[in-house]
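Remarks on the structure that follows.
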Number of protein chains: 2
Amino acid sequence: MISALGHALLGLLAREPTTGYRLTRLMDRDLAYFWAAKHSQIYPELARLERDGHVRHTVVGGAGPRPTKRYELTADGRRALVEWLATEPEPTVERDPTLLRVSSLWLLEREAARAVVGRVRRLSTERLALYERFAAEFDSEPAASDPTAPVFATRATVEMGIRSQRARLDWCDWLDQRLA
Amino acid sequence: MISALGHALLGLLAREPTTGYRLTRLMDRDLAYFWAAKHSQIYPELARLERDGHVRHTVVGGAGPRPTKRYELTADGRRALVEWLATEPEPTVERDPTLLRVSSLWLLEREAARAVVGRVRRLSTERLALYERFAAEFDSEPAASDPTAPVFATRATVEMGIRSQRARLDWCDWLDQRLA
DNA sequence: AATGGCATGTAATGTGTTACATGATTCG
DNA sequence: CGAATCATGTAACACATTACATGCCATT
């Protein structure tokens with residue numbers, strides 16, 4: 001069985017073979033807003049994927065005490081990835097600390113409650129600006145409109161990020177009005 | 001330190017003292033779409049909250065091999081909850097298996113890719129219908145518009161759920177067009 | 001008499017974060 | 001020469017899921 005993180009790594013390696021270190025940075029940059037992982041989780045997962053024959057590595061130098069490993073998909077790994085893509089999507093288990101706070105908002109005075117909403121709005125505004133910068137960056141690449149190009153898929157996930165944040169900002173307005 | 005789950009439980013107990021079993025069902029019904037937890041996680045967490053003085057229990061019978069316990073907030077627990085509400089919101093770490101799939105969508109043929117989007121749409125449509133039923137239910141209670149009533153806060157979180165799903169459905173249209 | 005809901009717990013395993021540990025290369 | 005970046009790993013801990021375990025009470 002391949003974990004969600006495993007599928008994330010296979011997906012990145014399908015784009016381009018690379019090192020665990022660079023996978024860590026890629027996840028931080030490209031996937032962080034929908035799937036986060038630290039290097040301490042990524043290195044063992046790569047080892048497991050290799051043990052199960054989904055990836056293989058070649059040593060490409062040694063910038064430190066240990067060898068630098070370049071990972072790539074095996075034919076089997078690629079097959080497993082494509083198969084998974086077509087399976088039924090597992091329902092998202094949301095864990096939203098903001099909604100957790102809001103679910104107890106009735107305990108606060110009006111002004112304090114509005115302050116909470118204000119903080120949510122600020123955080124969302126920042127996120128939205130970030131995602132919109134990402135989107136502009138990706139749109140400047142011609143391949144962004146080609147459904148078989150990796151950047152197309154990345155652009156699509158950023159679009160969802162943007163729409164999520166816009167929805168959240170609209171919701172802040174809705175809530176704020178009701179607290180007026 | 002109180003965990004996120006701890007805050008969720010304190011929030012529910014602030015509404016009404018009750019048993020661990022009913023907290024499990026409440027979370028499943030009212031919070032599941034933004035904070036999920038099984039009973040095997042809830043019982044130990046209640047014990048920890050009690051050890052730290054945030055809740056206390058009284059035995060109210062024994063519908064089984066062990067005593068049935070009714071938990072309620074202590075003054076200290078209520079204070080801790082209200083204080084946490086006003087703290088800076090921790091940025092949501094998204095873990096969205098749907099976006100994980102979409103980030104590798106470029107690997108698929110056009111028809112297969114559209115099928116993936118179709119499955120996402122179906123799931124979202126179902127969710128939206130569910131949340132809209134919840135919303136209608138809550139709106140039928142007069143207190144739903146009173147910001148100091150618990151049902152107001154629940155209604156607000158459902159509103160966010162509805163807006164999220166609508167945003168996701170719109171995004172499915174956006175994606176589908178680009179895959180046409 | 002069987003089924004389902006009420007009720008509480010533990011054990012094993014899986015997933016994710018923080019902290020510890022090491023050392024080469026490159027740029028200023 | 002110092003700082004940042006490249007690079008890989010392990011250990012300890014926290015959080016979450018699945019499976020195991022028990023037994024009363026009410027309804028059909």
Bend angle of the helix from C:dA1-D:dT28 to C:dG28-D:dC1 from five-pair axes at both ends, rounded to 10°? 30°

Do B:Tyr21 and B:Met27 belong together in a cluster built from hydrophobic side chains that touch within less than 4.5 Å? no

Over how many whole Å does the gap from B:Met1 atom CE to C:dT18 atom C1' extend? 15 Å

Test your reading of the model: is there a side-chain donor-acceptor pair from B:His54 to the backbone of B:Glu50, 3.5 Å cut-off? no

Spacing between A:Leu31 atom CG and C:dG16 atom P, to the nearest angstrom: 13 Å

Roughly, in whole Å, what's the span from CD1 in A:Ile2 to P in C:dT15? 12 Å

Contact nearer the 5' end of DNA chain C, comparing B:Arg25 with B:Val93: B:Arg25

Give the rounded distance in Å between these two atoms: CG of A:Leu9 and C1' of C:dG16. 14 Å

Report yes or no: does B:Trp84 contribute a side-chain atom to a donor-acceptor pair with the main-chain N or O of B:Ala4 at less than 3.5 Å? no

Relative to each other, are the rings of A:His39 and A:Tyr43 parallel, tilted or perpendicular (30° and 60° limits)? perpendicular

Treat primed atoms plus P, OP1 and OP2 as sugar-phosphate and everything else as base, then score nucleotides 8-16 of chain D 5' to 3': B for base contact with protein heavy atoms under 4.0 Å, S for sugar-phosphate contact only, - for none. BBBB---SS

Flag side-chain contact, heavy atom, 4.5 Å: B:Phe34 against A:Arg95: no

Looking only at heavy atoms, what is the nearest atom pair of A:Leu128 and A:Leu169, with distance? CD2-CD1, 3.7 Å

For residues A:Leu179 and B:Pro147, report the shortest heavy-atom separation together with the two atoms involved. CD2-CB, 3.8 Å

Main chain of A:Thr154, side chain of B:Ser103: is a donor-acceptor contact present, judged purely on distance under 3.5 Å? no

